[in-house]
A.B. asks: 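Pasting a structure below so you can have a look.
Computed from a predicted model, the values in this text were never measured in an experiment.
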Amino acid sequence: MVRIDLKEKNVGEAIDLGGILAKQKAAFNARPNPPWSERKANLQKLGKAIKDHSKEFQKAISEDFGNRAYEETTIAELLIIQGGISHALKHTKHWMRTRRAPTAMQYKPASNHIVPQPLGVIGIISPWNYPLQLAIMPLIGALGAGNRAMIKPSEYTPRLSDLLKRVLGTIFTEEEVYVATGGVKVAQAFSALPFDHLLFTGSTSVGRIVASAAAKNLTPCTLELGGKSPTIIDESANMALAVPRIANGKLLNAGQTCVAPDYVLMPEKNIDAFSDAIIKQAETFYPKVAGNKDYTSIIADSHYARLQTLLEDAENKGARIRVAGDDDKQQLAKERRVPLTVVTNTSPDMKIMQEEIFGPLLPVVASETLEDSMSYIQSKERPLALYWFGEDKAKKAKVLNETISGGVSINDCAWHVIQEDIPFGGVGPSGMGAYHGEHGFKSFSHMKGVYQQSRFSQGKALFPPYGPKTHKMLNLMKKIV
Ligand code: NAD
């Protein structure tokens, strides 16, 4: 039994996670394939509860961060969730259907089918940066696919985690959906549970730990991880469009976005003009950063200090630093806010060029040709996202065909993530597996292959004892396959 006595912050009672999982599994076994009407009702009440409590969610998230605009929470969490639910309500019934699959000539007149089946109980571990969206989007997939779920939200957003637990507790029983709040000890115990599938969203380093914990139970994992997502600005790019889009992609949630453009690659001769333009753009978006209700604070002192260390290290190694605006530094530190900071004259030994930045610092790296940019990207770990700005069709095709990343947006940042009709996931160190839309449905389903034999099977010609009849049949089959 996985039982934790918690003296950790944010958890007041001992919780028996193993016991809850056992109850969920028993409830699932008693009802292993809920009909569409039940799944639809679950998705509808989830959508309604999120809508009914949207103001509270906005408030809790803003307080957890120190500040985050309610509008930003609407854009980056609430609307995406409602979009995911509407899409699931529209399509899940169709995804649930048994599909006919082709049957090779030599096996006819038998027939093949694929039967999607709920897996059972899905574990969901979510991070703090979009704490509602990244807990609920996997839940939409899990419930649509007919499963039960247990969620472990981040300890960095305790108000949101408590609220999530309370709100989901009003619409679901513990046997349907359970939220386990708490810190790393809870997370460790949680990831050691024998779920039927585990979806983890978080850092690559913790992803490795979670994957090894899951491996002990042979629990299949979807890992939604991070990394350094590059942006290539081609000479053919329309800079008037590119600059505000990159600035917005970088400054949304103050850069604390898994798919934020981490760094830019562009020819050296264009770097100064680009730096001027993006600094000016940031100052237009946020004329003041300190005290600005539109600009998000850095989640915690430790992350604020981490960003300062990245900058100091870069400066000590010869980087040029330009900060948008002229805010009072002490006030910024008090509010844990970091304005857009453009870092040029970078070198590979700088930490800012090695670690995921996860904040509003933007290194701009000189790269003269597309080939240079591509070999730079290929020499690094495969990123979660890649952005290419330009109009040259041949170069666009080359980038798409010859670089590997979780996903791509062309001429913008991050929009591919919220498309329900394409898979969202990383590759290698940025993740494994995918979800959203039908891809989530499939990740949380067992797509069972079923072979229906006919009364007139040729198979009996292959029964022992082997002899001339067998050889005749084998010769025939060799000609067909
Ligand atoms: P994190 O890895 O520190 O934490 C994520 C979750 O893991 C939290 O709920 C935490 O409690 C839990 N956890 C921590 N230690 C654990 C352990 N030893 N065993 C099991 N669970 C443990 O990540 P974070 O700081 O919350 O989020 C930022 C990271 O997440 C960034 O790297 C970012 O790129 C990534 N991210 C990825 C996506 C995506 O969809 N691919 C989305 C958002 C964030």
A.B. asks: Should Lys25 and Asp196 be marked as a salt bridge (Lys or Arg N to Asp or Glu O under 4.0 Å) after you check the CA-CA gap, both sets of side-chain angles, and the distance that decides it?
C.D. replies: CA-CA 9 Å; Lys25 285 200 172 194; Asp196 297 298; 3.8 Å; yes

A.B. asks: What's the spacing between Phe358 CZ and Cys258 SG if we round to 0.5 Å?
C.D. replies: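 Going from CZ on Phe358 over to SG on Cys258, the span is 6.5 Å.
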
A.B. asks: To check you understand the geometry: which heavy-atom pair defines the closest contact between Gly425 and Glu224, and what is its length?
C.D. replies: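 Shortest heavy-atom separation between Gly425 and Glu224 comes out as CA-OE1, 3.5 Å.
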
A.B. asks: If I take atom CD from residue Glu356 and atom OG from residue Ser430, how far apart are they, to the nearest 0.5 angstrom?
C.D. replies: 10.0 Å

A.B. asks: Could you pull out the closest heavy-atom pair between Asp421 and His439, with the gap in Å?
C.D. replies: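 Looking at all heavy atoms of both residues, the closest pair is O-NE2, 4.1 Å.
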
A.B. asks: Go through Leu310 and Val343 one step at a time and tell me if the side chain to side chain contact (heavy atoms under 4.5 Å, CB included) criterion holds.
C.D. replies: CA-CA 11 Å; Leu310 287 183; Val343 182; over 6 Å; no

A.B. asks: Between Leu251 and Pro360, what is the shortest heavy-atom contact and its length?
C.D. replies: CD2-CB, 3.7 Å

A.B. asks: Closer than 4.0 angstrom, basic N to acidic O: yes or no for Lys288 and Asp326?
C.D. replies: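 Counted as a salt bridge, because a side-chain N and a carboxylate O are separated by less than 4.0 Å.
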
A.B. asks: Relative to the ring of Tyr286, is the ring of Tyr295 parallel (under 30°), tilted (30 to 60°) or perpendicular (over 60°)?
C.D. replies: perpendicular

A.B. asks: What pairs with Thr309 under side chain to side chain donor-acceptor pair (under 3.5 Å), at least two apart in sequence or on another chain?
C.D. replies: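 Partners of Thr309 under the side chain to side chain donor-acceptor pair (under 3.5 Å) test: none.
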
A.B. asks: May I ask you to decide if Met350's main-chain N or O and Asp313's side chain share a donor-acceptor pair within less than 3.5 Å?
C.D. replies: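 The answer is no, because no donor-acceptor pair under 3.5 Å joins these two groups.
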
A.B. asks: Is it true that a side-chain atom of Glu381 and a backbone atom of Gly227 form a donor plus acceptor pair closer than 3.5 Å?
C.D. replies: no

A.B. asks: Does Arg320 form a salt bridge (Lys or Arg N to Asp or Glu O under 4.0 Å) with Asp272? I'd like the steps, not just the answer.
C.D. replies: CA-CA 11 Å; Arg320 212 177 132 223; Asp272 282 347; 3.8 Å; yes

A.B. asks: So, Lys152 side chain and Val179 main chain: donor-acceptor pair closer than 3.5 Å or not?
C.D. replies: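 Answer holds: no.
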
A.B. asks: Could you work out, with side chain to side chain donor-acceptor pair (under 3.5 Å) as the rule, every residue matching Asp327, not counting sequence neighbours?
C.D. replies: none

A.B. asks: When you look at CZ of Arg306, are more than 12 heavy atoms from neighbouring residues, nucleotides or ligands closer to it than 6.0 Å?
C.D. replies: yes

A.B. asks: If you measure only the distance, is there a donor-acceptor pair under 3.5 Å linking the side chains of Gln58 and Thr74?
C.D. replies: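 Result is yes, a qualifying pair exists.
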
A.B. asks: Students often mix this up, so state it plainly: with edges at 30° and 60°, are the rings of Trp128 and Tyr156 parallel, tilted or perpendicular?
C.D. replies: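 The arrangement is tilted - the two ring planes meet at 30° to 60°.
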
A.B. asks: Less than 4.5 Å apart, side chain to side chain, heavy atoms only: is that true for Val243 and Phe274?
C.D. replies: yes

A.B. asks: Which heavy atom in Glu420 sits nearest to a heavy atom in Gly437, and how many Å separate them?
C.D. replies: OE1-N, 3.0 Å

A.B. asks: If you compare all heavy atoms of Pro261 against all heavy atoms of Cys413, which two are closest, and at what distance to 0.1 Å?
C.D. replies: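 Nearest pair, atom of Pro261 first, then Cys413: CG-SG, 3.8 Å.
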
A.B. asks: Give, for atom CE of Met137 and atom NE2 of His436, the distance between the pair rounded to the nearest 0.5 Å.
C.D. replies: 4.0 Å

A.B. asks: Do Glu355 and Lys351 sit within salt-bridge range, that is, some charged N less than 4.0 Å from a carboxylate O?
C.D. replies: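 No salt bridge links Glu355 with Lys351.
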
A.B. asks: For Lys334, does the NZ atom have more than 12 heavy-atom neighbours from other residues, nucleotides or ligands under 6.0 Å away?
C.D. replies: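 Not more than 12 within 6.0 Å, no.
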
A.B. asks: Mind checking the CD1-CE spacing from Ile278 to Met239? Nearest 0.5 Å is all I need.
C.D. replies: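 Rounded to the nearest 0.5 Å, the CD1-CE separation comes to 8.5 Å.
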
A.B. asks: Rounded to the nearest 0.5 Å, how far apart are CD1 of Ile357 and OG1 of Thr257?
C.D. replies: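 Here the interatomic distance stands at 12.5 Å.
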
A.B. asks: List in chain and number order the residues that pass side chain to side chain donor-acceptor pair (under 3.5 Å) with Lys59, two or more places apart in sequence or in another chain; answer none if no residue qualifies.
C.D. replies: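 Lys59 satisfies side chain to side chain donor-acceptor pair (under 3.5 Å) with Glu63 only.
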
A.B. asks: With under 30° as parallel and over 60° as perpendicular, where do the rings of Phe424 and Tyr435 fit, or are they tilted in between?
C.D. replies: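 Because their plane-to-plane angle lies in the 30° to 60° range, the rings of Phe424 and Tyr435 count as tilted.
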
A.B. asks: Got a salt bridge between Lys280 and Asp276, using NZ or NE/NH1/NH2 to carboxylate O under 4.0 Å?
C.D. replies: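 Looking at Asp276 together with Lys280, the answer is no, because their closest N to O distance does not fall below 4.0 Å.
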
A.B. asks: For the side chain of Asn411 and the backbone of Gly390, is there at least one donor-acceptor N/O pair under 3.5 Å apart?
C.D. replies: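 Yes: the side chain of Asn411 pairs with the backbone of Gly390.
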
A.B. asks: Can a donor-acceptor pair be found, under 3.5 Å and without considering hydrogens, that links the side chain of Lys165 to the backbone of Ala180?
C.D. replies: no

A.B. asks: Using every non-hydrogen atom in the two residues, find where Arg336 and Ala300 come nearest and quote the distance to one decimal.
C.D. replies: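 Reported closest heavy-atom pair: CD-C, 3.4 Å.
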
A.B. asks: Got Pro131 and Glu77 here, is their nearest side-chain heavy-atom distance under 4.5 Å?
C.D. replies: yes

A.B. asks: Under the criterion side chain to side chain contact (heavy atoms under 4.5 Å, CB included), I'd like the reasoning laid out for Val264 against Tyr387: C-alpha separation, chi angles, the key distance, then a yes or no.
C.D. replies: CA-CA 9 Å; Val264 168; Tyr387 305 117; over 6 Å; no

A.B. asks: Just wondering, do Lys293 and Glu71 contact through their side chains at under 4.5 Å, heavy atoms?
C.D. replies: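 Yes, at least one pair of side-chain atoms sits under 4.5 Å.
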
A.B. asks: Can you find a pair of side-chain heavy atoms, one from Phe57 and one from Leu160, that are under 4.5 Å apart?
C.D. replies: yes

A.B. asks: I'd like to check Ile15 versus Tyr178 (side-chain heavy atoms, cut-off strictly below 4.5 Å). Are they in contact?
C.D. replies: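 Yes, at least one pair of side-chain atoms sits under 4.5 Å.
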
A.B. asks: How many angstroms lie between CG in Leu265 and CD1 in Ile377, if you round to the nearest 0.5 Å?
C.D. replies: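 The distance works out to 5.5 Å.
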
A.B. asks: Would you indicate whether Lys380, at its atom NZ, is surrounded by more than 12 heavy atoms from other residues, nucleotides or ligands within a distance under 6.0 Å?
C.D. replies: yes

A.B. asks: With the side chain counted from C-beta on, respond yes when Leu198 and Ile125 share a heavy-atom pair under 4.5 Å apart, and no when they do not.
C.D. replies: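 When only atoms from C-beta onward are counted, Ile125 and Leu198 do touch, with a gap below 4.5 Å.
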
A.B. asks: Is the side chain of Asp64 donor-acceptor paired with the backbone N or O of Ile299 at a distance under 3.5 Å, no angle test?
C.D. replies: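 Not at all, since once roles are kept as given, no pair shorter than 3.5 Å links the two residues.
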
A.B. asks: Are more than 12 heavy atoms, taken from residues, nucleotides or ligands other than Glu268, located less than 6.0 Å from that residue's CD atom?
C.D. replies: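 No - once you tally the heavy atoms of other residues, nucleotides and ligands closer than 6.0 Å, there are 12 at most.
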
A.B. asks: Donor-acceptor pair, Ser161 side chain versus Pro153 backbone, under 3.5 Å?
C.D. replies: no

A.B. asks: Applying side chain to side chain contact (heavy atoms under 4.5 Å, CB included), run through Leu193 and Val121 and close with a yes or a no.
C.D. replies: CA-CA 10 Å; Leu193 294 172; Val121 181; over 6 Å; no

A.B. asks: Lys228 side chain to Pro383 main-chain N or O, any donor-acceptor pair under 3.5 Å?
C.D. replies: no

A.B. asks: Test side chain to side chain contact (heavy atoms under 4.5 Å, CB included) on Asp372 and Thr369 and set out the steps.
C.D. replies: CA-CA 5 Å; Asp372 291 345; Thr369 64; 3.1 Å; yes

A.B. asks: Is it true that a side-chain atom of Asn253 and a backbone atom of Tyr130 form a donor plus acceptor pair closer than 3.5 Å?
C.D. replies: no

A.B. asks: Report yes or no: do Thr296 and Glu72 form a side-chain donor-acceptor pair below 3.5 Å?
C.D. replies: yes

A.B. asks: Donor-acceptor check, side chain of Asn147 to backbone of Leu119, threshold 3.5 angstrom: yes or no?
C.D. replies: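 Yes; judged by distance alone, with no hydrogens or angles, the pair exists.
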
A.B. asks: Flag the pair Ile209 / Ser191 as yes when at least one side-chain heavy-atom distance between them is below 4.5 Å, and no otherwise.
C.D. replies: no

A.B. asks: With a 4.5 Å limit on heavy-atom distance, are the side chains of Asn270 and Glu235 in contact?
C.D. replies: yes

